[in-house]
Amino acid sequence: MSDVAAVQDDNPARETRSVPLDCCGGLNNVDYSKMDLTLIEGLLKHTNFHDSSFYLAVVAIVFNPFFWNVVARWEHRTRTLSRLFGSPYLACYCLGFVIILLNVYRSHSMTVAMKSQTKWEVMDRTDVFYAGVALMVLGTVLVVGSFLALGFTGTFLGDYFGILMDEKVTGFPFNITENPMYWGSTANYLGLALIGASPVGLVLTAIVAMVYTAAIRFEGPFTELIYQERSQHRKHE
């Protein structure tokens with residue numbers, strides 16, 4: 001018998017000793033079978049994904065940022081709206097008004113979907129209710145603060161109309177989060193879902209967050225490109 005085998009025989013516990021997780025292995029080391037999925041299962045159980053009001057809300061959530069990004073990029077490339085309205089400012093105001101109406105409809109469709117489906121007793125508690133109120137207060141502060149810091153044209157894609165700001169806004173609420181308008185709106189919807197003890201509201205809020213995350217990745221680099229073009233233009237003057 002070899003020395004190695006002898007050592008192994010003398011220490012049989014070596015074979016049964018648990019091996020610590022390798023942090024560098026990432027999620028491959030996670031035993032998903034031991035995860036507690038009770039809340040997720042309850043959430044899905046209390047959500048009717050076949051409800052027509054749910055579909056309408058999802059369409060509104062996805063359509064809004066898609067619409068304003070397509071229209072704004074088209075305007076940046078062609079200046080068609082500025083020529084049609086005779087002024088980039090008037091064109092921006094009109095697009096902003098349309099965006100406001102679309103967002104009002106989105107909020108309405110989400111509210112209808114929440115009211116049309118059952119509440120979840122797990123969420124129907126006083127502490128959850130007040131957490132929702134706090135989130136709505138926070139969301140409103142972020143949204144209003146962002147609007148006051150950027151102004152109407154800054155909020156509603158004035159950059160794409162050639163209405164550029166002198167410098168990047170870094171004050172409140174942009175010193176808290178990079179996109180306070182988006183995340184403030186998401187906080188409002190989450191708060192509304194908690195106040196209404198609405199499981200479908202949580203699902204719709206998650207969709208809002210995912211759509212906004214995609215919109216940020218889509219809009220951010222393009223907006224930076226617009227300001228880079230202005231800087232290069234100034235250098236050549």
Side-chain angles (χ1 to χ4, degrees), residues 57-77 88-89 91-111 131-195 201-231:
V58 172
V59 170
I61 291 169
V62 175
F63 175 77
N64 285 13
F66 174 80
F67 167 79
W68 69 59
N69 271 287
V70 170
V71 172
R73 289 200 177 205
W74 172 64
E75 163 63 19
H76 176 72
R77 186 173 64 254
Y89 285 91
C92 181
Y93 293 148
C94 290
L95 177 61
F97 181 68
V98 172
I99 292 174
I100 291 174
L101 291 180
L102 288 174
N103 287 341
V104 169
Y105 176 76
R106 177 185 60 188
S107 299
H108 170 72
S109 64
M110 292 180 66
T111 302
V133 172
L135 279 171
M136 292 199 70
V137 171
L138 173 63
T140 301
V141 170
L142 290 177
V143 170
V144 174
S146 176
F147 181 82
L148 294 177
L150 295 176
F152 191 94
T153 57
T155 299
F156 294 104
L157 304 168
D159 307 342
Y160 293 74
F161 291 82
I163 308 171
L164 305 183
M165 305 190 73
D166 295 332
E167 57 185 4
K168 184 177 181 179
V169 177
T170 57
F172 180 84
F174 290 89
N175 56 355
I176 297 178
T177 178
E178 186 70 19
N179 298 278
M181 182 69 72
Y182 283 165
W183 300 129
S185 178
T186 304
N188 281 333
Y189 289 129
L190 178 56
L192 187 63
L194 295 181
I195 290 174
L202 295 181
V203 174
L204 291 173
T205 301
I207 296 174
V208 169
M210 289 187 291
V211 170
Y212 275 161
T213 299
I216 290 169
R217 293 181 179 179
F218 190 72
E219 295 172 6
F222 194 79
T223 303
E224 291 179 1
L225 179 62
I226 292 175
Y227 281 90
Q228 289 175 2
E229 291 175 349
R230 182 182 69 171
S231 298

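Put simply, the side chain of Y227 gets close to the backbone of M165: a donor and an acceptor are under 3.5 Å apart. Looking only at distances, a side-chain donor or acceptor of S109 sits under 3.5 Å from a matching main-chain atom of R106.
Note that CG of D159 and CD of E224 are 11.5 Å apart. Values are rounded to the nearest 0.5 Å. Note: T205 OG1 to N188 CG = 10.0 Å, rounded to the nearest 0.5 Å.
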Can you check side-chain contact (heavy atoms from CB on, under 4.5 Å) on C92 and L157, steps first, answer last?
CA-CA 7 Å; C92 181; L157 304 168; 5.8 Å; no

Which is it for Y160 and F222 under the ring pair (Phe, Tyr, Trp, His ring centres under 6.0 Å) test, yes or no, and what are the steps along the way?
CA-CA 9 Å; Y160 293 74; F222 194 79; 5.4 Å; yes

Assess the residue pair R73 and F218 against the criterion (side-chain contact (heavy atoms from CB on, under 4.5 Å)); give the C-alpha distance rounded to whole Å, side-chain angles, the decisive distance to 0.1 Å, and a yes or no.
CA-CA 11 Å; R73 289 200 177 205; F218 190 72; 3.5 Å; yes

Evaluation steps, side-chain contact (heavy atoms from CB on, under 4.5 Å), between W183 and L138:
CA-CA 10 Å; W183 300 129; L138 173 63; over 6 Å; no

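You'll find the ring centres of F152 and F156 inside the 6.0 Å limit.
Using a 4.5 Å cut-off on side-chain heavy atoms (C-beta onward), I195 and M136 make contact. Contact of the Y182 side chain with the T177 side chain is not registered, since no non-hydrogen atoms from C-beta on lie closer than 4.5 Å. At a threshold of 4.5 Å between non-hydrogen side-chain atoms, the residues T153 and Y89 count as touching. Side-chain contact check for F172 versus P180: every heavy-atom pair is 4.5 Å or farther apart. Side-chain contact between V133 and L194: absent, with no pair of heavy atoms (C-beta onward) separated by less than 4.5 Å.
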Return a table of donor-acceptor pairs under 3.5 angstrom between the side chains of residues 60-69 and protein atoms on other chains or two or more places apart.
| from | atom 1 | to | atom 2 | distance (Å) |
| --- | --- | --- | --- | --- |
| N64 | ND2 | L102 | O | 3.1 |
| N64 | ND2 | N103 | OD1 | 3.0 |
| W68 | NE1 | E219 | OE2 | 3.1 |
| N69 | ND2 | P65 | O | 2.8 |
| N69 | ND2 | E219 | OE2 | 2.8 |

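What you find for T186 and A209 is that their closest heavy atoms are CG2-CB, 4.1 Å. Across T155 and S146, no two heavy atoms sit closer than the pair OG1-O, 4.3 Å.
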